[in-house]
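Small disclaimer: the values here were computed from a predicted structure and weren't measured. Naming convention: chains lettered A, B, ... in sequence-line order (proteins, then strands); numbering from 1 in each chain.
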Number of protein chains: 2
Amino acid sequence: MTLDTLPPHTGGAEHLARLLAQALLAGRWQPGDAFPRELDIARHFAVSRNQVRNALATLTSAGLLERTAGRGTLVREMGDWHLLDPLMSKWMTGLVNIDPQLVRAIYAFRYSAEPMVAGLAAQAALPEDLERLETAFAGMEKTAASTDLRGEHAEYDVAFHDATYRATHNLVWRQMGHLLRPSIMALVWGSQDRTGTLDDSLSRHRQVLEAIRNRDISAAESAAHEVLRRTAIDLGIVS
Amino acid sequence: MTLDTLPPHTGGAEHLARLLAQALLAGRWQPGDAFPRELDIARHFAVSRNQVRNALATLTSAGLLERTAGRGTLVREMGDWHLLDPLMSKWMTGLVNIDPQLVRAIYAFRYSAEPMVAGLAAQAALPEDLERLETAFAGMEKTAASTDLRGEHAEYDVAFHDATYRATHNLVWRQMGHLLRPSIMALVWGSQDRTGTLDDSLSRHRQVLEAIRNRDISAAESAAHEVLRRTAIDLGIVS
DNA sequence: AGTTTATTAAATGTCTGACATTTCTACAAC
DNA sequence: GTTGTAGAAATGTCAGACATTTAATAAACT
């Protein structure tokens, strides 16, 4: 793998980092492969070595690369990636060709965890949490009709689930919210035929909201479970 | 808060980062406070501005700081910390004065999640996973007798729980393993009277191992639950 | 022949000083 | 009062030289 097929670079070390990260996330280097040298990258994108170093430092902190003086830069395997780093979410968002293995892993996690999260939320939610949930849900309803609002709809979807994680009032669970965006965005780009499915999805979300509002723990758990089953269908994981 | 009360610096940007991170984790700056300027830090520790910048970049990537050109460096609030970043685990490990709120949050997460993790492990464990679990458990047994082996005992304890998370064979759950070390280490330094409690802890761990080996999901869940209850007692969260 | 020891090349890491950019404040002008 | 401008203060960026680590190669010595 060389740099030749990457899109051009228009400015900012941050941008360069995203560019390289997305190439890595798309699997354009194999784990264990040698990553290009600093000077080659700098020359190729016509940026200073400094920007390259900053970008590579960022990728290293996300667990994508491993650098050692004298030897060079190696690509790490997927198991070492820091999937819960918010930067990763940013990079994965809007990336069309995410490794399906990754989407499934994130989904499997949500499937096992999110019912419990909803249950915890039903225990711990405060009025402000309910407000966030309601606002997000209203947004989902409002944007459900038109197909060219589906990007906006997905944002409200993310906000709804994120509000659930936040409502646990646990610092660790709250961090997990970062995983939601890539997972839900994969949904948007992955499924074409959304006719009818949205109504179903909406009603399932409504049940989660109602259960949390009623502080009904087991109802929240099973409702979240149902939402995730719907998601699985839309992701094509089950039929 | 000034830099004056920090220990000296003996070399390496990595070391400097750990020093500053631990000061932050111990709560020596309040969220929203201004962090010292680069040049002041450089002068105080007698290092180059470069090392300071690298260290601060690391802390920023962990969510501890927020930097903006022209304004300066601000300390972020605990809710923004990237608790699941492996660097954070490193920094927290061996830190005596961790904020009790943080220890409780991590424990609460484990209490809610780990039974499910054990259940998933019972479903997905492979022979190599069982081997890891057995090795770790054997180490725990071997080091249970003497009190001056309790550091080593804690390492086997961490290894045991980490093996459980790995046995789920899910990339996301596996990341959570990083949280274990600080949580378990807090146990070591927090509890003095360990006479008799170790036997109890060991037998509960053994039941988790047996349940996973027998692929008994609900047994694994309840056994893990029991281990966590034991931990809660030792952490002083419940009596 | 095989093992150890210098030598060299190539990569990342570090230092230094100058300069660029952003942000906030204060003060002046209209 | 509002607007505009000048300046100070902080982080961000650049360029080039140099340091350090690593791996490979060649030389020297049993």
*Taking A:D129 for its side chain and A:L126 for its backbone only, find out whether a donor-acceptor pair lies under 3.5 Å.*
yes
For [N], does OP1 or OP2 lie under 4.0 Å from any side-chain N or O of [X]?
X: A:R71; N: C:dA11; result: no
X: B:Q51; N: C:dT14; result: no
X: B:R53; N: D:dG12; result: yes
X: A:T73; N: C:dT12; result: yes

d([atom1], [X]; [atom2], [N]) in whole Å:
X: B:R43; N: D:dA10; atom1: CZ; atom2: C1'; answer: 14 Å
X: B:E14; N: C:dG13; atom1: CD; atom2: C1'; answer: 12 Å
X: A:N54; N: C:dT14; atom1: CG; atom2: P; answer: 13 Å
X: A:E38; N: D:dA15; atom1: CD; atom2: P; answer: 15 Å
X: B:L56; N: D:dT11; atom1: CG; atom2: C1'; answer: 10 Å
X: A:L74; N: C:dT12; atom1: CG; atom2: P; answer: 10 Å
X: A:L39; N: C:dA9; atom1: CG; atom2: C1'; answer: 14 Å
X: A:F35; N: C:dT12; atom1: CZ; atom2: C1'; answer: 14 Å

*Using a cut-off of 6.0 Å, state whether more than 12 heavy atoms not belonging to A:N97 lie near its atom CG.*
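Atom CG in A:N97 is not packed in, count stays at 12 or less.
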*Is atom CZ of A:R71 surrounded by more than 12 heavy atoms (other residues, nucleotides or ligands) closer than 6.0 Å?*
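Incorrect, the count does not exceed 12.
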Could you work out which one of [options] sits closest to the side chain of [X]?
X: B:R37; options: D:dT21, C:dA11, D:dT11; value: D:dT11
X: B:S48; options: D:dT11, C:dT12, C:dC15; value: C:dC15
X: B:R67; options: D:dG12, C:dT16, C:dG13; value: D:dG12

*What do you reckon, are the aromatic ring centroids of A:H205 and A:F137 less than 6.0 Å apart?*
no
*What distance do A:T73 atom OG1 and A:I41 atom CD1 have between them, rounded to the nearest 0.5 Å?*
7.0 Å
*Donor-acceptor pair (no angle test) under 3.5 Å: B:R49 side chain, C:dG17 base*: no
*Taking for each residue the nucleotide of DNA chain D with the nearest heavy atom, is it B:G72 or A:A69 whose nucleotide lies nearer the 5' end?*
B:G72
*Which residue, B:G70 or A:N50, contacts DNA chain D at a nucleotide closer to its 5' end, judged by nearest heavy atom?*
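Residue closer to the 5' terminus by nearest nucleotide: B:G70.
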